[in-house]
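Working notes, structure below.
As the structure lists them, so they are numbered: ligands from 1, and atoms in each ligand from 1. Numbering of residues begins at 1 and proceeds along the displayed sequence. Predicted model, so just to flag it, every value in this text is computed and none were measured.
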Amino acid sequence: MTKSNDIRQVIIIGSGPSGLTSAIYTARAGFNPLVIEGYQAGGQLMMTTEIENYPGFREGIMGPDLMQEFRAQAERFNTEFITADVTKVDLTGNVKKVWVGDNLHQSKTVIISTGASANFLGLENEKRLIGKGVSSCATCDGFFFRNKTICVIGGGDSAMEEAIFLTRFASKVYVIHRRDKFRASKIMAKRAMDNPKIEAVLDSVLVDVLGDNVVKGIKLRNVKTDEISELAVEGMFLAVGHTPNTKLFEGQIDMDKKGYIITSESKDELTTTNISGVFACGDVQDSRYRQAITAAGSGCMAALDTERYLES
Ligand code: NAP
């Protein structure tokens with residue numbers, strides 16, 4: 001086991017908008033942060049298309065391009081990066097311990113910004129057909145569905161965004177939603193429903209995904225009539241919300257019942273956790289706003305709280 005004798009000032013776990021913003025701030029403050037960015041660096045924006053609501057980009061910017069800018073800005077101020085996943089942490093003492101495989105990294109503070117991941121519905125055939133027509137990432141896999149009929153499950157902004165994006169490839173996109181009203185913002189829902197390639201199937205839940213080796217269709221149950229129907233689709237995209245990436249911290253950090261890290265117990269410092277010297281920012285502690293800009297904002301707050309902690 002390799003042990004680094006250096007005790008760093010700041011380790012940041014995660015590299016979405018919140019983690020990289022906290023890196024930019026702590027780096028500029030001279031704390032030489034180490035970002036352990038994960039194998040899937042950049043967070044959820046790496047899987048989005050155009051972002052139209054991130055201030056400063058009036059023509060919009062592609063998610064991966066935005067994250068590249070964040071990372072380059074953090075690098076400019078000498079942030080160090082490790083492109084791997086953290087495998088274990090011990091956050092209890094004054095010196096925090098973070099392992100990447102056999103390598104131990106030690107630090108006075110840790111900023112957790114591990115974000116959240118896409119949910120699946122938990123059906124056996126859904127799992128079996130992942131990568132064979134079932135996907136949670138329209139931008140990654142949309143290309144494979146040129147001129148095909150596909151569906152998106154969900155009624156939030158992500159479902160609308162994915163459905164609209166998928167019309168670039170697919171000939172028809174059904175949006176399957178379990179209620180009769182979308183959760184999505186009015187503007188996003190209207191944009192999707194105005195698209196001639198998109199058709200809503202409301203009050204419907206998925207009961208099965210059909211197909212032996214690839215997706216051939218889906219089986220739905222109408223929640224009002226209990227009627228079962230089948231829809232022929234060759235692709236199914238999940239957009240049914242997210243789960244915070246907090247497994248690593250279970251038993252060490254206070255979380256709510258959905259697994260989001262509890263912050264803002266203190267009125268003075270909104271990113272503190274129950275452990276002194278450990279801060280959290282971004283989607284891992286925010287089930288409400290979940291925007292790139294709010295994540296970046298909370299990353300800045302975590303950096304300022306960390307700086308204050310280190311200086312006191
Ligand atoms: P969300 O708002 O939580 O929506 C999840 C959707 O999935 C809901 O419609 C929900 O149904 C449905 N769902 C959840 N579990 C389900 C299940 N087991 N079976 C069937 N349906 C299920 O998540 P999101 O769409 O990923 O959006 C997350 C946040 O990011 C939101 O704040 C959103 O505004 C934001 N966002 C913004 C943009 C943008 O502005 N460009 C794009 C994407 C996301 P119910 O409605 O019945 O609960």
Worksheet item: Under a heavy-atom criterion of less than 4.0 Å, does Y289 contact ligand 1?
Response: yes
Worksheet, complete the sentence: ligand 1 atoms nearer than 4.0 angstrom to some heavy atom of G155 are 6 (C), 8 (C), 9 (O)
Item to complete: Among all protein heavy atoms, pick out the one at the shortest distance from atom 30 (O) of ligand 1; state its residue, atom name and that distance to 0.1 Å.
Response: Q291 NE2, 3.7 Å
Worksheet entry | atom 3 (O) of ligand 1: nearest protein contact (heavy atom, Å) | R290 NH2, 3.5 Å
Worksheet item: Counting heavy atoms only, which part of N53 comes closer than 4.0 Å to ligand 1: side chain, backbone, both or neither?
Response: side chain
Worksheet, complete the sentence: In ligand 1, the atoms that come under 4.0 Å of a heavy atom of H177 are 9 (O), 11 (O), 45 (P), 46 (O), 47 (O)
Discussion item. Nearest 0.5 Å, please: how far is CZ in R71 from CG in L20?
Written reply: 8.0 Å
Discussion item. So that I can tick it off, tell me whether K247 and E250 are bridged by a salt bridge, with the cut-off set at under 4.0 angstrom between side-chain N and carboxylate O.
Written reply: yes
Practice prompt. Report yes if the side chains of I111 and C281 come closer than 4.5 Å at any heavy-atom pair, otherwise no.
Written response: yes
Worksheet item: Is there a donor in the side chain of D157 and an acceptor in the side chain of S185, or the other way round, less than 3.5 Å apart?
Response: yes
Fill in: Pair S135, D141: side-chain N/O donor-acceptor within cut-off below 3.5 Å
yes
Worksheet item: For E52, is the nearest heavy atom under 4.0 Å from an atom of ligand 1?
Response: no
Worksheet item: Do the side-chain N and O atoms of D283 and Q44 include a donor-acceptor pair separated by under 3.5 angstrom?
Response: yes
Response to the item:
Numbered in order shown, the ligand 1 atoms found under 4.0 Å of a heavy atom of R179 are 45 (P), 46 (O), 47 (O)
Fill in: Nearest non-hydrogen protein atom, atom 41 (N) of ligand 1
E161 OE2, 3.3 Å
Response to the item:
for atom 1 (P) of ligand 1, nearest protein heavy atom and its distance come out as R183 CD, 3.9 Å
Worksheet item: Under a 4.0 Å heavy-atom limit, does L121 contact ligand 1 with its side chain, its backbone, both, or neither?
Response: side chain
Item to complete: Looking only at non-hydrogen atoms, find the nearest pair between A74 and T79 and report the distance.
Response: O-OG1, 2.8 Å
Worksheet item: Does a donor on one side chain and an acceptor on the other come within less than 3.5 Å for D208 and N125?
Response: yes
Item to complete: Give the residue and atom name of whichever protein heavy atom lies nearest to atom 38 (C) of ligand 1, and the separation in Å to one decimal.
Response: D157 CB, 3.7 Å
Worksheet, complete the sentence: protein heavy-atom neighbour closest to atom 11 (O) of ligand 1 works out as R178 NE, 3.2 Å
Worksheet item: Any side-chain donor-acceptor pair under 3.5 Å between T243 and N119?
Response: yes
Worksheet entry | Contact (N/O only, under 3.5 Å) between S158 and ligand 1 | yes
Worksheet item: Which atoms of ligand 1 are found less than 4.0 Å from any heavy atom of G241?
Response: 5 (C), 23 (O)
Worksheet item: For ligand 1, is any non-hydrogen atom under 4.0 Å from A184's backbone (N, CA, C, O), its side chain (CB onward), both, or neither?
Response: neither
Worksheet entry | Which of the ligand 1 atoms, numbered from 1, are nearer than 4.0 Å to a heavy atom of H242 | 26 (O)
Discussion item. Using a 6.0 Å cut-off, check whether atom CG of D226 has over 12 heavy atoms from anything other than its own residue.
Written reply: yes
Worksheet entry | Nearest non-hydrogen protein atom, atom 7 (O) of ligand 1 | V240 CA, 3.3 Å
Response to the item:
In K181, R178, K224, the residue satisfying salt bridge (Lys or Arg N to Asp or Glu O under 4.0 Å) with D203 is K224
Worksheet, complete the sentence: Going by the 4.0 angstrom heavy-atom rule, the piece of M160 near ligand 1 is neither
Worksheet item: How are the rings of F57 and Y54 set to each other: parallel, tilted or perpendicular (split at 30° and 60°)?
Response: tilted
